[in-house]
Amino acid sequence: MIYAGNFKTNHTRQSTREYLMKMQLHHHKIKEGDRVLIFPPITAIDNYDVNFTIGVQNAYPIQNGAFTGEVGVEQLEEFNIKTILIGHSERREVLGESQEFIAKKFNFFKDMGFEIIYCIGEPLEVREEGEEAVIKYLLTQFKGIDTEYDNFLVAYEPIWAIGTGRSATVEEIASTHNELKRYINKPLLYGGSVKGSNIAEISAIDNVDGVLVGGASLKTESFLELVLH
Ligand code: PGA
């Protein structure tokens, strides 16, 4: 299983360091073959001496240049960052990233050899139309994406399940993941209100290769509950 923690706009540099040091103390308990990735806010990126992958939640598809407020590959290289989240629904919906821009970003970071966690997910009104509509919608989020790229993972995160406390049901996750795997044969994470009380049933679903966790990743105790379940 892959356990990815997305801090979003939470934690400081100092609290991230404390968090990672605490996590590191439990590293030996992690099952062989399992993997932990942490995505802190950009100000907390550093060269940490830990056995986890540190990635960024976002970056601009450029080496360096005039992109006020953005961070390019030059800044990531200083900290050996080679993993990035692309397509998260908060960037699509709140920050207004279009599929075209997301595809541009994907292809740029692909050319740079980054490991990409590519996020997709449908809004509630699409889920309410049924499974077929969901798959059709999700497939549009692969427009312009090279799904043959070997260093990428997909995270399926229904928008209505993110930060709401209401995860998708086991049936919904199972059928969407099964269907998605028919089209895109990549490791597939589920995200959306994953927590201690539902990790056992979610991780037991066929074709769930891992989880992308927001809220429950913010404290080491609650994240360890998932990672060591
Ligand atoms: P959540 O967020 O676990 O707080 O629902 C998941 C995500 O947005 O990656």
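Counting starts at 1 for both ligands and their atoms, in listed order.
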**Student:** Is a donor on one side and an acceptor on the other found under 3.5 Å between the side chain of D34 and the backbone of M1?
**Tutor:**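 Side chain of D34 to backbone of M1, a donor-acceptor pair under 3.5 Å: yes, one is there.
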
**Student:** Is it the case that Y156 and E122 place a side-chain donor and acceptor less than 3.5 Å from each other?
**Tutor:**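 Present: a donor and an acceptor within the cut-off.
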
**Student:** Take a 6.0 Å sphere around CG of N47 and say whether it holds more than 12 heavy atoms from other residues, nucleotides or ligands.
**Tutor:**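 Enclosed: over 12 neighbouring heavy atoms sit under 6.0 Å from CG of N47.
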
**Student:** Show me which atoms of ligand 1 lie under 4.0 Å from any heavy atom of S193.
**Tutor:**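 Within the 4.0 Å cut-off of S193, ligand 1 contributes 1 (P), 3 (O), 5 (O).
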
**Student:** Of the protein's non-hydrogen atoms, which lies at the shortest distance from atom 3 (O) of ligand 1, and what is that distance?
**Tutor:** G214 N, 2.8 Å

**Student:** Kindly assign one of parallel, tilted or perpendicular to the pair F152 and Y149, based on the angle between their ring planes and the thresholds 30° and 60°.
**Tutor:**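 F152 vs Y149 ring planes: parallel.
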
**Student:** With sequence neighbours left out, which residue pairs that include part of residues 132-143 fulfil the salt bridge (Lys or Arg N to Asp or Glu O under 4.0 Å) condition?
**Tutor:**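 Found none.
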
**Student:** For ligand 1 and I162, I'd like to know whether there is a polar contact (N/O to N/O, distance under 3.5 Å).
**Tutor:** no

**Student:** Within a distance under 4.0 Å of any heavy atom of G215, pick out the atoms of ligand 1 and give their elements.
**Tutor:**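 By the 4.0 Å cutoff, the relevant atoms are 1 (P), 3 (O), 4 (O).
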
**Student:** Could you tell me whether E90 and ligand 1 have an N or O pair separated by under 3.5 Å?
**Tutor:**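 The answer is no, given that E90 and ligand 1 share no N or O pair closer than 3.5 Å.
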
**Student:** Walk me through whether E115 and K82 qualify under salt bridge (Lys or Arg N to Asp or Glu O under 4.0 Å).
**Tutor:** CA-CA 6 Å; E115 174 181 39; K82 288 297 269 177; over 6 Å; no

**Student:** Taking only heavy atoms of G163 into account, list the atoms of ligand 1 that are under 4.0 Å away from them.
**Tutor:**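 Once the distances to G163 are compared, the set is 1 (P), 4 (O), 5 (O).
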
**Student:** Return yes when G191 approaches ligand 1 closer than 4.0 angstrom through a heavy atom, no otherwise.
**Tutor:** no

**Student:** According to the interplanar angle, ranging from 0 to 90°, do the rings of Y118 and F106 count as parallel (below 30°), tilted (30 to 60°) or perpendicular (above 60°)?
**Tutor:**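 Ring orientation, 0 to 90° scale: perpendicular.
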
**Student:** With nothing but distance in play, are any N or O atoms of T164 less than 3.5 Å from an N or O of ligand 1?
**Tutor:**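 Between T164 and ligand 1, no N or O pair is found under 3.5 Å apart.
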
**Student:** Can you tell me if K195 has a non-hydrogen atom under 4.0 Å from ligand 1?
**Tutor:**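 Distance cut 4.0 Å: K195 fails for ligand 1.
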
**Student:** So if I count the atoms of ligand 1 from 1 in the order they appear, which ones are less than 4.0 Å from some heavy atom of G192?
**Tutor:**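 Counting atoms of ligand 1 from 1, those under 4.0 Å from G192 are 5 (O).
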
**Student:** Quick one: does A161 get a heavy atom under 4.0 Å from ligand 1?
**Tutor:** yes

**Student:** Numbering the atoms of ligand 1 from 1, which are under 4.0 Å from a heavy atom of E157?
**Tutor:** 6 (C), 7 (C), 8 (O), 9 (O)

**Student:** Taking salt bridge (Lys or Arg N to Asp or Glu O under 4.0 Å) as the test, write out the residues that go with K181, two or more places apart.
**Tutor:**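 Scan of K181 (salt bridge (Lys or Arg N to Asp or Glu O under 4.0 Å), adjacent residues dropped) gives D209.
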
